[in-house]
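One structure is given here, and the rest of the page talks about it.
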Amino acid sequence: MTRLTGSALRLTVYIGENDTWHHKPLYAEIVHRAHAAGLAGASVFRGVEGFGASSLIHTSRLLSLSEDLPVAVVIVDTESRVREFLPQLDELVTEGLVTLEDCEVIRYVGRDGNQDIADTKGKKSL
């Protein structure tokens with residue numbers, strides 16, 4: 001079981017939805033590499049509006065500009081594990097913004113890979 005509480009580092013990668021790595025979405029490659037590196041967790045959030053270095057506003061409200069919405073990939077783990085992952089981002093992210101913020105994890109408990117999804121009474125756990 002994975003347990004992460006206390007001081008941690010939050011890594012956020014801001015990229016475009018259409019950014020790719022070897023013909024697949026860049027955000028998916030970042031998540032898969034974070035998983036392979038054994039990081040505690042990663043999530044991808046799709047924005048409804050935003051702009052970056054180009055100063056062009058991408059929004060879901062206008063059909064002509066809704067094709068490349070902003071995406072944020074958020075990874076949280078211990079500082080040392082996140083910093084060990086940074087060289088992989090150097091390889092993957094050619095355009096975008098990467099931020100690091102100190103944070104505190106209140107509770108994170110991962111499911112043991114050997115346990116079934118159902119608990120001992122046969123009810124599904126959330």
Side-chain angles (χ1 to χ4, degrees):
M1 193 171 288
T2 303
R3 295 182 191 276
L4 175 64
T5 57
S7 188
L9 196 62
R10 180 177 54 233
L11 164 70
T12 307
V13 182
Y14 299 93
I15 54 177
E17 184 177 35
N18 290 342
D19 293 344
T20 59
W21 174 259
H22 294 264
H23 308 293
K24 58 187 234 189
L26 177 58
Y27 60 83
E29 182 66 18
I30 294 169
V31 169
H32 288 275
R33 287 196 186 195
H35 184 260
L39 294 174
S43 298
V44 178
F45 299 94
R46 183 177 187 229
V48 295
E49 188 167 57
F51 70 94
S54 70
S55 294
L56 180 63
I57 294 179
H58 297 272
T59 177
S60 59
R61 294 181 291 137
L62 299 172
L63 291 176
S64 63
L65 298 176
S66 65
E67 297 170 355
D68 192 21
L69 292 172
V71 172
V73 182
V74 179
I75 299 169
V76 177
D77 206 322
T78 62
E79 180 174 357
S80 62
R81 293 176 62 84
V82 169
R83 291 196 184 276
E84 286 173 12
F85 185 69
L86 289 176
Q88 292 199 52
L89 287 181
D90 287 340
E91 176 187 354
L92 295 172
V93 180
T94 57
E95 290 184 18
L97 175 68
V98 177
T99 63
L100 295 170
E101 298 95 18
D102 291 324
C103 64
E104 184 175 351
V105 175
I106 304 297
R107 179 171 183 244
Y108 175 87
V109 179
R111 191 169 38 128
D112 185 352
N114 296 326
Q115 292 180 349
D116 194 348
I117 293 176
D119 65 16
T120 57
K121 294 180 183 176
K123 297 179 184 175
K124 289 188 177 179
S125 302
L126 295 180

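If you read the sequence from its start, that first residue is 1, and numbering goes on from there. Remember, predicted model here, so these are calculated numbers, not experimental data.
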Pairing residues for T12 by the side chain to side chain contact (heavy atoms under 4.5 Å, CB included) criterion, not counting sequence neighbours = R10, Y14, A72, V74, T99, E101
By salt bridge (Lys or Arg N to Asp or Glu O under 4.0 Å), which residues pair with E79, not counting sequence neighbours?
-> R83
Between A37 and R81 the two heavy atoms that sit nearest each other are O-NH2, 3.5 Å
Output for pair (L39 CG, E84 CD), nearest 0.5 Å, gives 9.0 Å
Quick one: closest heavy-atom pair of V76 and C103, and the distance?
-> CG1-SG, 4.1 Å
Sequence neighbours excluded, which residues qualify as salt bridge (Lys or Arg N to Asp or Glu O under 4.0 Å) partners of E104?
-> none
Counterpart residues, side chain to side chain contact (heavy atoms under 4.5 Å, CB included), relative to V82 (two or more places apart) = L9, L11, D77, L100
Could you pull out every donor-acceptor pair under 3.5 Å between side chains of residues 89-98 and any protein atom, sequence neighbours left out?
{"residue": "E91", "atom": "OE1", "partner": "R33", "partner atom": "NH1", "Å": "3.1"}

Atom OH in Y27, atom CG in N18: separation rounded to 0.5 Å?
-> 9.0 Å
Taking the side chain as C-beta and beyond, is there a heavy-atom pair between I30 and I75 under 4.5 Å?
-> yes
Nearest heavy-atom contact between V71 and G16 is CG2-C, 4.3 Å
